[in-house]
Enquirer: 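One structure is given below, represented as structure tokens, and several questions about it will come after.
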Amino acid sequence: MSVESLVPDTRISQFDLHLLVGERVDQDGRCGGLTGRLTYAADLFDEETARSFSSMFTRVLAALVDCPSRPVGDADMIGEDERARLLDIGRGEHCSPDASVLPDPFRAHADRRPDAIALVHEGTSVSYREFDERVNRCARALIAAGVGPETRVGLMIGQSVELVVAMYAVSVAGGAYVPLDPSLPPGRIAQIVAAAEPAVVVRAGGASADVDLDGAAVIEVDDPTHARLSAAPVTDAERLAPLRPENIAYVLFTSGSTGVPKGVAVTHRAVTNQMRWLRERFDLGPDDVSVLHTPATFDLSVWEFWGWSTCGGRLVIADRGRHPDPRVMIALLERERVTTFHGVPTMLGMLLSGVEDRLPSTLRRVLSIGESLPAATAREFAARSDAELVNLYGPTEAAVSVTDHPVTDADVHGVPIGTPVWNTGVHVLDDRLGAVPLGAVGELYLSGEQLARGYVARAGETAGRFVADPFGSGGRLYRTGDLVRWVTTARGPELDYVGRRDLQVKIRGFRIELGEIEDALRACPGVAAAAATVQQDAHRGDRVVAFVVTSDGTAPDTAALRTSLGERLPNYMVPADIRAIDCLPKGSTGKLDRNALPLVPAAPAEHRPPATAVESAVAKVFGKVLGIESVGRDDDFFRSGGTSLVAVRAVSELAAALERPVPLEWLFAYPVVAELAERIERSEREGEESASTAFDVVFPLRTGPATGEPVFFVHPVVGLAWGFSRLAEFVEAGRPVYGLQSPALSGTEELPGSIREWAALYVDEIRRAHPDGPYHLVGWSMGGVIAHEMAVQLQRRGSSVGSLVLLDAHVPAPLPESVDPQSVALAALSGLDNGDRATPHVGDITSILERVEHGGDVFPSVELFLAGIGHSFDVLERHLPERFDGDLLFVGSRSSSSPEDDSRRDWTEFVTGRVHRHDIDVSHWAMTGEHACRTVGPLLAAWCNRRVCPNCEAYERDSTLRVGD
């Protein structure tokens, strides 16, 4: 036998990165330490990158050997030279700041070109001279009302010339403007007013006079008495104090982590730095035309409100109600020869969807900010316009934008956010505020002139987000919460946006970036837009769900999508479910509203086929009415897409298949295939009567032993309580839950002649079912009015009312016009049938009610049903509510609210306690759908179980913190 030593060939890497470590042995066979060799895949890494890995690894090892007790995170990985390089590339160009304030550039252009057009709105033009005079008169009125530097002034004006006048007037007077969008719910406006404490509120035409302004003085922007005031330019001598760059220019409110909005106070120095950079970077001049289409509450609007006057250009004000239509917006751009357009990527994508050929040739530049710009959107833009597309990044806390990247053809897989603007620093740091290496992901921190002063009346939160700058000379850093990395492009090192730190989720122990999943989906053929979210399942934990919008509107091939994602992402990042959606939900700013994505029922962890003949029959019927090919014994009817009216069709089909009645309430109580089958089998074994209570006045929404305090859900105007089935799941276990339904459904009783009689009937019914309280009442629409009256009568009889909840219930008032019962029935029943998509079907009421047929137990007649609706409206408008002694939880429909309707949702004078009001973005007839239940369910559970409102608790906790600060 012969033995020889072999030296392995280490020139070929066995893995993407392969570190070989061995002992170094001298000639005497003694160990002389360790030696290593790092090999790498040449198609993934170059030699410089591999050497940097080796250098950082040995530097960390040396640091830990030098001090074994040192935490690994404290070891210096990059060295002083690399740290200095990173600081240098993260430092924007220095430009000496001047002493100007926000209105100064406008003042100069108004003097230089007074007859030039400043504003255009709905075909009317306003010159610089006319605009300047209106601003100066309003500013003097504000000064006379006590407005000066550091004074906050609310602007409760819709998008109009008057809003721009008021905004400039506040700035000229020296104050800080606070947008109070009149289209916001009154509760949201009240929160902003409470936090901002404006001394004055400017409005136009007496709009929103019913909103509580907490004692603020009110000024009309074009009050006729202003005509007596001077229109000459306002000087520091007239102001209450000199206006300085350090004074606050505006306060914008963003969503807070507690659910209460927080106000970001931005100084003149910060925003003038941004405006000067904007003018120079894009060579803006008097011939530039921009369009105002963004709500003043969103910081992107600062560009639109102030950019035009910085360069002496012109501002075109879009009709807020019509600009979301891409064709209308494109026509406006073409008609007004707009040169500069600002928008979030979602808005840009919408605009492109309305282009038949190319965007207007007058466009010179499009500035995209607010969201990650998809590479596919950038490519489509390049194919439809010769204008410059620029991707920018910036939070509200740093005066709009802090980085920019001109999009090029090289941006194939992603679009960087670029390099810092003037007088701004960007730092990519780890959790210890240490710089991370080039290419590594870290959190983005900002420094420089554009940082906001902080959050209004939130010293604690300001201190948590604005921290000491360890790299500068006593300055501050703003912690953005955004994850980024340095990448090398043709322009050199640029920042690449990875995603929100709070969108970094953990699934089965793996850290997942939702943004990465969305990018991978958008890269798939045929996908125009995508969104990913995490949804909770009580039995199986968190799971990733994705939604896609296809380019041609057809259903996506989800199997092909999953295969494509599997080639790009690790298995644990592939969504558990991929669903098509017509369009991604957006908030008022145009950004993706991730919370509004629909709930997707979870598939069972393992498909178990039906085990008995009855289970097979139930599964077959479920599959038929829900359009599902394979239904197992663990599948839940409602979580698989079933609705109240579909449930009626299901039990009708099931009764026919089993040749025996199946009460509707059994499906509500036992929605899982195996559970419903067992209930049916038990009734056969025990010879139980199975008469349906589907149209009874008291309809059980939960069956079985229950000893807790009962909860009663009171029907809307159509009389059915079936729609409460999903919401009833949020009531804690062990409590009986019922629906109260109109006597019109059974046709066995005469309809009550008033709301008081109606409530008395129901009080008798619930006391018969449960003689002792406390009683918990939940009323939707008309049911809210009845529930309120029931609570009054119960208290009068000496019974305890545990809680009262009203879902979008209007205070009764005479109707302005007659109501068509058939239209109401169509809207309501279609809402029940479609869940969140509460829109009427095409067809008449008879075709709808035919689908509600339940064995031989159907509505007595269409005529009686419609007559019951008409009668309900008659008694409603004659009712005058009394006062309930206690608090009330009110959840309203924001999307169907109007100023007139909103005044009828105010129940304050009809309770002795407090009204806890919360509005949600669903229609009136979708108040019990899946989307609504995501918000209403937890509120209902907390209110009925603990008599607390979690949203208001968070607000009160935050208020306590502010006092302590």
Side-chain angles (χ1 to χ4, degrees), residues 185-188 190-191 194 210-212 259 709-717 724 727-728 730-731 737 740 755-756 758-759 762-763 766 773-797 799-813 876 879-894 897 901-920 922 924 927-928 932-933 935-956:
R188 174 78 172 189
Q191 287 180 324
D210 56 337
V211 176
D212 181 10
E709 297 175 3
V711 180
F712 294 90
F713 289 85
V714 189
H715 62 83
V717 73
F724 291 113
L727 198 56
F730 287 88
V731 178
V737 183
L740 295 177
I755 291 294
R756 286 188 174 83
W758 218 310
Y762 290 169
V763 165
I766 68 175
Y775 300 98
H776 297 261
L777 307 175
V778 183
W780 172 21
S781 188
M782 172 191 179
V785 180
I786 297 176
H788 178 271
E789 176 62 26
M790 288 174 65
V792 171
Q793 293 188 21
L794 283 166
Q795 289 182 334
R796 190 178 296 133
R797 296 189 190 188
S799 297
S800 174
V801 178
S803 62
L804 178 60
V805 180
L806 306 189
L807 304 180
D808 209 40
H810 290 206
V811 175
L876 265 174
H879 180 62
L880 178 62
E882 298 184 38
R883 299 188 81 189
F884 165 65
D885 186 15
D887 293 348
L888 178 152
L889 173 64
F890 182 95
V891 184
S893 164
R894 181 182 299 141
S897 177
D901 286 345
D902 204 67
S903 64
R904 293 180 54 201
R905 289 181 169 94
D906 185 1
W907 286 81
T908 306
E909 64 178 291
F910 303 110
V911 297
T912 61
R914 176 179 175 184
V915 175
H916 298 255
R917 175 166 175 171
H918 305 283
D919 291 338
I920 58 177
V922 298
H924 177 79
M927 288 298 294
T928 59
C933 284
T935 301
V936 180
L939 286 171
L940 174 73
W943 192 254
C944 290
N945 299 344
R946 299 183 288 118
R947 194 64 179 275
V948 297
C949 177
N951 288 12
C952 294
E953 265 196 334
Y955 177 77
E956 287 160 0

Enquirer: Heavy-atom distance under 4.5 Å between the side chains of Val805 and Leu807, does that happen here?
Expert: yes
Enquirer: Considering residues at least two apart in sequence or located in another chain, which fulfil the side-chain hydrogen bond (donor to acceptor under 3.5 Å, both in side chains) criterion with His788?
Expert: none
Enquirer: Let me confirm one number: the CE-SG distance from Met927 to Cys933, rounded to the nearest 0.5 Å.
Expert: 9.5 Å
Enquirer: Hey, are the side chains of Glu909 and Val811 touching, using non-hydrogen atoms and a 4.5 Å cut-off?
Expert: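 No; the side chains remain at least 4.5 Å from each other.
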Enquirer: Can you name the side chain to side chain contact (heavy atoms under 4.5 Å, CB included) partners of Thr908, sequence neighbours left out?
Expert: Asp906, Val915
Enquirer: Test Leu794 against Ile766 for side chain to side chain contact (heavy atoms under 4.5 Å, CB included), laying out the working first.
Expert: CA-CA 10 Å; Leu794 283 166; Ile766 68 175; 4.0 Å; yes
Enquirer: About how many Å separate CG of Leu806 and NE2 of His916, when rounded to the nearest 0.5 Å?
Expert: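 Answer rounded to 0.5 Å: 12.5 Å.
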Enquirer: Does the plane of the ring in Phe724 sit parallel, tilted or perpendicular to the ring in Phe713? Use 30° and 60° as the thresholds.
Expert: tilted
Enquirer: Is the side chain of Ser781 donor-acceptor paired with the backbone N or O of Ala809 at a distance under 3.5 Å, no angle test?
Expert: no
Enquirer: Does Tyr775 have any ring pair (Phe, Tyr, Trp, His ring centres under 6.0 Å) partners at least two apart in sequence or in another chain, and if so, which?
Expert: none
Enquirer: Please report the shortest heavy-atom distance between Gly886 and Val911, naming the atom on each side.
Expert: O-CB, 3.5 Å
Enquirer: Using the test side-chain hydrogen bond (donor to acceptor under 3.5 Å, both in side chains), find all partners of Tyr762 that sit at least two apart in sequence or belong to another chain.
Expert: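 For Tyr762, the residues satisfying side-chain hydrogen bond (donor to acceptor under 3.5 Å, both in side chains) (neighbours in sequence not counted) are His715, Trp758.
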Enquirer: Measuring from His879:NE2 to Arg756:CZ, what's the distance to the nearest 0.5 Å?
Expert: 5.0 Å
Enquirer: With sequence neighbours excluded, tell me which residues meet side chain to side chain contact (heavy atoms under 4.5 Å, CB included) with Ala791.
Expert: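 Residues passing side chain to side chain contact (heavy atoms under 4.5 Å, CB included) with Ala791: Leu777, Val801, Leu804, Phe884.
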Enquirer: Using a strict cut-off of less than 4.0 Å between a Lys/Arg side-chain nitrogen and an Asp/Glu carboxylate oxygen, indicate whether Arg917 and Asp919 qualify as a salt bridge.
Expert: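 So Arg917 pairs with Asp919 through a salt bridge.
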Enquirer: Counting N and O atoms only, with roles assigned by atom type, does the side chain of Asp808 sit under 3.5 Å from a partner on the main chain of Ser893, one being a donor and the other an acceptor?
Expert: yes
Enquirer: Does any part of the side chain of His918, heavy atoms only, come nearer than 4.5 Å to the side chain of Val936, both counted from C-beta?
Expert: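 No, every pair of side-chain atoms sits at 4.5 Å or beyond.
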Enquirer: Please identify each residue that fulfils ring pair (Phe, Tyr, Trp, His ring centres under 6.0 Å) with Phe910, with sequence neighbours left out.
Expert: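 With sequence neighbours excluded, Phe910 shows a ring pair (Phe, Tyr, Trp, His ring centres under 6.0 Å) to Trp907, given in chain and number order.
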Enquirer: Roughly how far, to the nearest 0.5 Å, is CG of Leu740 from CE of Met790?
Expert: 5.5 Å
Enquirer: Looking at side-chain heavy atoms only, is the closest gap between Pro812 and Ile755 below 4.5 Å?
Expert: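 A side-chain contact is absent here, since even the closest heavy-atom pair is not under 4.5 Å.
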Enquirer: With sequence neighbours left out, write down each residue that passes side chain to side chain contact (heavy atoms under 4.5 Å, CB included) with Arg796, or none if nothing qualifies.
Expert: Val792, Gln793, Glu882
